[in-house]
Amino acid sequence: MVTMTTVRVPAGWPVTEEQARAVQDELRGRVVLDEPGPPPGTGRVTGVDVAYDDARNLVAAAAVVLDAATLEVVAEATAVGPVPFPYVPGLLAFREIPAVLAALEALPCPPGLVVCDGYGLAHPRRFGLAGHLGVLTGLPTIGVAKNPFTFVYDDPDPARGSVSPLLAGTEEVGRALRTRDAVKPVFVSVGHRVSLDNACAHTLALTPRYRLPETTRRADASCRRALRDATTDHSAASG
DNA sequence: GCGACAG
DNA sequence: ATCTTGTCGC
């Protein structure tokens, strides 16, 4: 069963980039970096992702809970609402978080570790989507992104499991992690209450077959479906 | 000042 | 993110 809810833009949600950056500067200090996080392959792992229909000003979010050992889906929820912020590099969280929070809150069970489609510590102010979501929920979170953003890395060795540091100058803000042999790596960073080593281990445990984590793949399919359902005409009567 | 830039 | 057909390969 998939619960589908509607979201409103929270009162006081930032309107300008300056306000949004101020929120990041205020919340970033609450990120917890000294916990290892849950061990891979145990408990539950939840993927969150969003899809947009800019023409209709709609955003759909999905939270899909997997059994970490079997990667089977155990629960799923979606939320649809207005797009609350424009896309600005470095401020992605303000576009995605209200819908993602609503989807997480609609779940019938605890999410366990949350895997975000984007960055955590690897961020201009060290406070990307995964860290922001972690601070707001208290949940352990990691970010797995498809692109290196503005960061620098050397290509990891071709074998699955190979890593190389993702660098902001000399600071390691995440890792380029090869999840499939000879395929472009993904970019892992810490969100909240999870170590970087453990975040990479989780990402490998979630990629037995494809480049992207099963959590991300499931959440992506789910939020697209939710957006389509919210956009499609359900009034026609026929079998 | 200009371009680049998670999704 | 999103716009988009066929096509090569396991």
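Per chain, numbering begins at 1; letters A, B, ... match sequence-line order. Because only heavy atoms are used, hydrogens play no part in the values below, and waters and symmetry mates are left out as well, while side chains stay in.
Ion pairing between Asp229(A) and Arg225(A) fails under the 4.0 Å rule for side-chain N and carboxylate O.
Using a 3.5 Å distance cut-off with no hydrogens or angles, the side chains of Tyr153(A) and Glu172(A) do not pair a donor with an acceptor. Judged purely by distance below 3.5 Å, without hydrogens or angles, the side chains of Arg160(A) and Thr207(A) pair a donor atom with an acceptor atom. Between Glu35(A) and Ser195(A), the side chains place no donor N or O within less than 3.5 Å of an acceptor N or O (distance only, hydrogens not considered).
Residue Phe94(A) contributes atom CZ, which lies 17 Å from atom P of dA6(B) at whole-angstrom precision. Whole-Å rounding puts the Tyr52(A) OH to dA6(B) P distance at 13 Å. In this structure, CG of Leu58(A) is placed 12 Å from P of dT2(C), rounded to the nearest angstrom. Atom CZ in Phe151(A) sits about 10 Å away from atom C1' in dC5(B), given to the nearest Å. Atoms CG (Asp220(A)) and P (dT2(C)) sit 7 Å apart, rounded to a whole Å. Here dA6(B) presents its C1' atom at 13 Å from CZ of Arg125(A), a figure rounded to the nearest Å. As rounded to whole Å, 18 Å separates atom P of dG9(C) from atom CZ of Arg180(A). As a whole-Å value, the separation of Arg228(A) CZ from dT2(C) P is 13 Å.
Residue Tyr87(A) places at least one side-chain N or O closer than 4.0 Å to OP1 or OP2 of dA6(B). An OP1 or OP2 oxygen of dG7(B) is reached within less than 4.0 angstrom by a side-chain nitrogen or oxygen of Lys146(A). The shortest distance between the side-chain N/O atoms of Arg224(A) and the OP1/OP2 oxygens of dT2(C) is below 4.0 Å. Proximity of Asn147(A) to the phosphate of dG7(B): a side-chain N or O atom is located under 4.0 Å from OP1 or OP2.
With a 3.5 Å limit on both pairing distances and Watson-Crick or G-U wobble geometry required, DNA chain C contains no stem of 3 or more pairs.
Annotation for Ser222(A) and Val64(A): closest pair CB-CG2, 3.9 Å, computed over non-hydrogen atoms.
The aromatic rings of Phe94(A) and Phe85(A) are tilted relative to each other, their planes meeting at an angle between 30° and 60°.
With hydrogens and angles disregarded, a donor-acceptor distance shorter than 3.5 Å links the side chain of His123(A) to the backbone of Gly90(A).
When heavy atoms are screened at a 4.0 angstrom cut-off, Leu166(A) is found touching no nucleic acid atom at all. Tyr119(A) comes within 4.0 angstrom of a base, heavy atoms only. Among the protein residues, Asp49(A) comes within range of the sugar-phosphate backbone only, with heavy atoms under 4.0 Å from sugar or phosphate atoms but none that close to a base. Gly143(A) comes within 4.0 angstrom of no nucleic acid atom, judged by non-hydrogen atoms across all strands. Counting non-hydrogen atoms under 4.0 angstrom, Ala51(A) reaches the backbone sugars and phosphates but no base.
A cation-pi geometry, defined here as NZ or CZ lying under 6.0 Å from the six-membered ring centre and within 45° of its normal, holds between Arg95(A) and Tyr52(A).
Residue whose closest nucleotide on DNA chain C sits further toward the 5' end, between Arg209(A) and Leu227(A): Leu227(A).
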